[in-house]
Structures are given as structure tokens and as C-alpha cells.
Amino acid sequence: MMPSLHRIRPRRSVLYLPGSNARALEKARTLPADGLILDLEDAVAPEAKETAREMVVEAVRSASFGHREIVVRVNGLDTPWGSEDVLAMAKSGADAVLFPKIQSPTDVRMAVAALDRAGAPASLPVWIMAETPRSILHIDAIAASSHRLACIVAGTSDLTRELRARHTASRDSVYTALSLTVLAARAHGLDVLDGVHLDLEDEAGFTFTCEQGRNMGFDGKTLIHPKQIDIANRAFAPSEKELAMARKVVEAWQEARAAGKGICVVDNRLIEKLHVEEFERLLALDAAIGRLGTRPAAAA
Ligand SMILES: CC(C)(COP(=O)(O)OP(=O)(O)OC[C@H]1O[C@@H](n2cnc3c(N)ncnc32)[C@H](O)[C@@H]1OP(=O)(O)O)[C@@H](O)C(=O)NCCC(=O)NCCSC(=O)C[C@H](O)C(=O)O
Ligand SMILES: [Mg+2]
């Protein structure tokens with residue numbers, strides 16, 4: 001399913017921060033991330049849940065995060081905090097609400113119903129975490145379950161734990177699950193973000209997983225530290241080489257169509273309409289990144 005080009009929103013880098021961390025909430029306003037996930041779930045200790053909720057509502061209401069997309073991850077509706085979180089976030093002005101540990105289409109419908117009961121605008125997008133074995137086994141039905149769904153976020157930490165698998169450099173233990181998640185997202189016109197890389201000192205490994213995620217089709221990566229933003233911004237943006245080819249292809253295609261042809265050849269490569277559409281998407285993504293003003297130096 002091809003997204004409409006005018007709807008493209010860069011989500012190369014989406015940074016988690018604990019909702020209870022005042023310094024991180026402040027710092028995030030200055031970082032070149034495309035999006036921020038203000039977390040009320042796993043990054044917040046049980047005794048700090050209420051305070052974190054208040055801090056996040058205040059931060060979101062301040063509307064001081066500029067171009068960054070603001071997503072709040074609430075606690076699960078089966079926890080003591082989930083319903084209050086939804087109530088607090090429904091009218092906060094957040095760009096989306098992220099529900100963790102979604103396991104079935106029913107879970108999605110319950111999340112949407114909770115937002116509706118809380119008086120959230122009908123247009124408020126819902127994001128979900130795919131991070132349990134059941135969520136992966138039901139991911140196609142989950143992705144199809146509500147028109148409010150906008151984005152699926154892979155939760156590779158929870159998934160690895162639940163599988164009793166190991167974190168490996170090649171991510172072979174979660175590769176199938178990640179592929180299924182991308183397939184389901186694309187089948188239903190949703191965006192999809194890759195999971196986090198936990199080793200903050202492993203720049204080479206992080207760069208590898210960004211490239212791997214980009215090659216698989218992810219729109220971007222979820223991050224846990226500001227030092228990961230630039231690498232993700234570069235990996236998930238179209239490269240200069242791709243952009244140069246895209247410009248050539250679009251021009252050659254216009255000439256081919258004017259001559260009544262349905263195919264053309266650019267740099268020894270056969271080009272059909274389907275290729276043109278993907279190159280047009282890359283150009284539109286690059287233009288959207290340009291408007292944000294966060295093009296990484298090497299790709300400028
Ligand atoms: C991992 C951290 C706890 C490290 O924090 P810290 O020790 O403060 O790091 P630094 O001293 O290196 O920080 C340098 C400056 O950057 C700011 N900072 C650090 N992290 C963030 C952040 N995430 N957002 C914004 N700003 C950040 C520090 O304040 C320093 O600023 P300055 O004062 O100017 O020097 C920390 O990085 C952290 O808490 N990370 C996020 C953890 C988190 O949210 N985890 C939950 C999400 S991951 C998950 O749950 C995945 C999923 O569900 C799954 O199952 O896979
Ligand atoms: Mg998780």
C-alpha cells in the first residue's frame with residue numbers, strides 16, 4: 001500500500017525518555033530527533049508513576065518541542081496506572097498515544113475505546129508496541145484492526161526476553177518477527193519503527209542495526225540516548241546516491257511517458273512505474289527532512 005506523498009512525516013529517529021526525568025524532558029527540546037516517546041511505562045519505577053504522569057502532561061501542554069512528534073507511551077490497561085494515563089493523555093495535545101504489549105485486535109479496540117471514553121479527539125492516532133510472541137503471531141490482524149492505528153513500534157527487548165532468546169549482533173533471534181512486523185505494517189499502510197539498541201558504547205553495532213533495519217523496510221529506529229540520533233537520521237534518510245538516481249529516474253520517466261512509453265532505462269537499469277513511485281517517495285521524504293532542517297551533515 002503506497003502512502004500519499006503529502007502525508008510523509010520523517011520518523012528516522014524516535015527517542016525514548018523516562019517521563020520522570022526532568023533533565024531529559026528539557027534536553028529533548030534541543031535534540032535533532034524526529035520524534036520523542038515520553039515514557040510512562042518501563043522506564044518509570046512504580047513509585048514514580050503518578051509524578052511522571054503529571055510531568056509528562058505539563059511537558060506536552062507546554063507545546064515547546066518544536067517540529068518533534070510527541071508520543072506518550074502509557075502503561076498497559078491491565079496495570080494499576082493505564083486507565084489514568086489514558087485519561088491524562090487524551091486531551092493533552094500529544095501527537096499520538098503508544099500502547100505497550102498489544103497482543104490481539106481486541107487489545108487495539110480496547111485501547112481505542114479507552115481513548116474515546118476519555119474524550120480524546122477522534123483523530124488522535126494510536127501507536128502500538130509489537131513485543132510479545134502473541135503480538136507477532138497476530139500482527140496482520142492487529143495491523144488491520146483500527147483506522148486509528150498509525151504506527152507499529154518493535155519492542156525487541158521484551159520480545160527477546162519472552163522468547164528466552166539472546167541479543168545477537170546479527171539479530172537472527174528476532175529477524176523473523178521484525179520481518180513479519182514490517183510486512184503487516186506495509187500491508188495496512190502503517191509506519192513501522194525498529195527496536196532499541198541497548199549497548200550505548202557499541203557504535204559499530206548500532207550503525208549495523210540501523211542499516212539492517214533500513215534494508216528491511218523500517219521507517220526509522222527507536223533510540224534510548226541522544227548520541228544515537230545522528231546515526232539513525234543518516235541511516236533512515238535517502239542517501240545522496242539514491243537521491244541522484246531518483247532525480248534522473250523522474251526526469252527520464254517524464255520523457256518516456258511523453259513519448260508514449262511505459263518503461264525506460266536509466267544507468268543500465270530497467271525502470272517501470274513501480275520504481276518511479278518509490279523514487280518519488282524518497283524525494284518527498286528528503287523534501288520533508290529538508291523542511292525540518294535536520295539533515296545530517298554527510299547527507300547535506
Ligand atoms: C540510559 C540512560 C539512563 C543514560 O542516562 P545518562 O547517564 O544521563 O546519560 P548521559 O550522561 O550520557 O547523558 C548525556 C546527556 O544526554 C541527556 N540524556 C540522556 N538520555 C536521554 C534521553 N533518553 N532523552 C533525552 N536526554 C537524554 C542527559 O540528561 C545528559 O544531558 P546533559 O545534562 O545536558 O549532559 C538514559 O539515556 C535513558 O534514560 N534513556 C532512555 C531509557 C528509556 O526510556 N527506556 C525505556 C524505553 S526502551 C524500551 O522500553 C523498549 C521496548 O519496550 C522493548 O521492549 O524493546
Ligand atoms: Mg517493551
Side-chain angles (χ1 to χ4, degrees), residues 13-46 48-49 52-53 55-56 59-60 62 64-66 68-79 81-82 85 96-103 107 111 127-136 139 142 151-168 171 173-175 177-178 181 192-203 206 209-210 213 218 220-233 294:
S13 51
V14 178
L15 176 67
Y16 284 103
L17 48 137
S20 52
N21 184 335
R23 175 64 198 141
L25 284 166
E26 193 57 41
K27 176 102 178 170
R29 294 170 163 94
T30 67
L31 298 170
D34 288 337
L36 304 169
I37 298 177
L38 314 189
D39 192 20
L40 298 175
E41 199 219 12
D42 283 352
V44 178
K49 295 283 188 191
R53 187 188 300 135
M55 289 168 69
V56 166
V60 176
S62 72
S64 53
F65 291 94
R68 298 161 196 84
E69 187 169 28
I70 302 303
V71 181
V72 177
R73 183 166 76 170
V74 294
N75 287 282
L77 293 173
D78 56 350
T79 70
W81 312 284
D85 289 350
V97 176
L98 171 60
F99 288 85
K101 302 186 178 72
I102 290 292
Q103 313 238 46
D107 285 352
W127 290 24
I128 55 153
M129 303 286 310
E131 54 182 348
T132 71
R134 280 187 64 207
S135 72
I136 302 303
I139 196 69
I142 288 172
C151 187
I152 305 179
V153 182
T156 40
S157 295
D158 269 303
L159 185 62
T160 301
R161 179 182 57 87
E162 293 220 6
L163 291 174
R164 300 183 199 160
R166 289 181 169 141
H167 289 280
T168 63
R171 299 203 293 173
S173 50
V174 290
Y175 197 90
L178 292 176
T181 304
V192 60
L193 301 179
D194 201 351
V196 296
H197 190 78
L198 298 170
D199 186 341
L200 295 175
E201 296 306 317
D202 175 26
E203 189 176 315
F206 176 67
T209 61
C210 283
F218 282 102
K221 193 155 177 76
T222 48
L223 312 174
I224 52 170
H225 193 280
K227 67 162 82 162
Q228 298 177 322
I229 296 172
D230 280 345
I231 293 173
N233 277 351
T294 54

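Ligands are counted one by one from 1 in listed order, and the atoms in each one are counted from 1 as well. Small disclaimer: the values here were computed from a predicted structure and weren't measured.
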Atoms of ligand 1, numbered as shown, that sit under 4.0 Å from any heavy atom of Gly155:
54 (C), 55 (O), 56 (O)
Within reach of ligand 1, part of Lys227 (heavy-atom separation under 4.0 Å)
neither
Heavy-atom distances under 4.0 Å decide this one: backbone, side chain, both or neither, for Leu159 against ligand 1?
neither
Can you pull out every salt bridge (charged side-chain N to carboxylate O under 4.0 Å, His left out) where at least one residue sits in residues 19-28? Sequence neighbours excluded, please.
Glu26-Arg29
Shortest protein contact, atom 20 (N) of ligand 1 (heavy atom only):
Pro226 CD, 3.4 Å
I want to check something: taking the side chain as every heavy atom from C-beta on, are Ser13 and Asn233 in contact at a cut-off of under 4.5 Å?
yes
The protein heavy atom nearest to atom 24 (N) of ligand 1 is Leu15 CD2, 3.4 Å
Is it the side chain (CB and beyond), the backbone, both or neither of Asp158 that lies under 4.0 Å from ligand 1, heavy atoms counted?
both
Could you list the atoms of ligand 1 found under 4.0 angstrom from a heavy atom of Met129?
52 (C), 53 (O)
For ligand 1, which atoms sit closer than 4.0 Å to a heavy atom of Asp39?
46 (C)
Is there at least one protein heavy-atom neighbour under 4.0 Å from atom 5 (O) of ligand 1?
no
Does any N/O atom on Glu41 come nearer than 3.5 Å to any N/O atom on ligand 1?
no
Output yes when a protein non-hydrogen atom is found under 4.0 Å of atom 50 (O) of ligand 1, and no otherwise.
yes
Identify, by atom number and element, the atoms of ligand 1 in contact range of Glu131, meaning under 4.0 Å from any of its heavy atoms.
52 (C), 53 (O), 54 (C), 55 (O)
Non-hydrogen side-chain atoms of Val44 and Trp81 separated by less than 4.5 Å
no
Under the salt bridge (charged side-chain N to carboxylate O under 4.0 Å, His left out) rule, what pairs show up with a residue in residues 154-163, not counting sequence neighbours?
Lys101-Asp158, Asp158-Arg161
Heavy-atom gap Pro18 to ligand 1 smaller than 4.0 Å:
yes
Is there a heavy atom in Arg73 that sits closer than 4.0 Å to ligand 1?
yes
Would you say the side chain of Tyr175 lies within less than 4.5 Å of the side chain of Thr168, judging by non-hydrogen atoms?
no
N, O or S atoms of the protein lying under 2.8 Å from the Mg ion (ligand 2):
Glu131 OE1, Asp158 OD2
Atom 43 (C) of ligand 1: of Ala28, Ala43, Ser157, the nearest heavy atom sits on Ala43
min-distance protein heavy atom vs atom 36 (C) of ligand 1 -> Ile224 O, 4.0 Å
Can you confirm whether some protein heavy atom lies under 4.0 Å from atom 2 (C) of ligand 1, or whether none does?
no
Min side-chain heavy-atom separation Val71-Val14 under 4.5 Å
no
Calculate, to the nearest 0.5 Å, the distance between atoms OH and CD belonging to Tyr16 and Glu41 respectively.
8.5 Å
Any non-hydrogen protein atom less than 4.0 Å away from atom 41 (C) of ligand 1:
yes
Could you tell me whether the side chain of Val192 reaches within less than 4.5 Å of the side chain of Cys151, counting heavy atoms only?
no
Among all the protein's heavy atoms, is there at least one whose distance to atom 8 (O) of ligand 1 comes out below 4.0 Å?
no
Lys27 to ligand 1: N or O pair under 3.5 Å?
yes
With the threshold set at 4.0 Å, does a side-chain nitrogen-carboxylate oxygen contact exist between Asp194 and Arg171?
yes
Can you tell me which residue and heavy atom of the protein come closest to atom 10 (P) of ligand 1, and the distance to 0.1 Å?
His225 NE2, 3.5 Å
Those atoms of ligand 1 less than 4.0 Å from some heavy atom in Ala24
24 (N), 25 (C), 26 (N)
Do Val153 and Ile128 touch side chain to side chain, with heavy atoms closer than 4.5 Å?
no
Suppose we measure from atom 33 (O) of ligand 1 to each protein heavy atom; which comes out shortest, and what is that distance?
Arg23 NE, 2.8 Å
Who passes ring-ring contact (aromatic ring centres under 6.0 Å, His included) against Phe218, sequence neighbours left out?
none
Below the 3.5 angstrom mark, is there an N/O of Leu200, backbone or side chain, next to an N/O of ligand 1?
no
Going by a strict under-4.0 Å cutoff (protein heavy atoms only), does atom 12 (O) of ligand 1 have a neighbour on the protein?
yes
For the backbone of Leu193 and the side chain of Lys221, can you confirm whether one donor and one acceptor N or O come within less than 3.5 Å of each other?
no
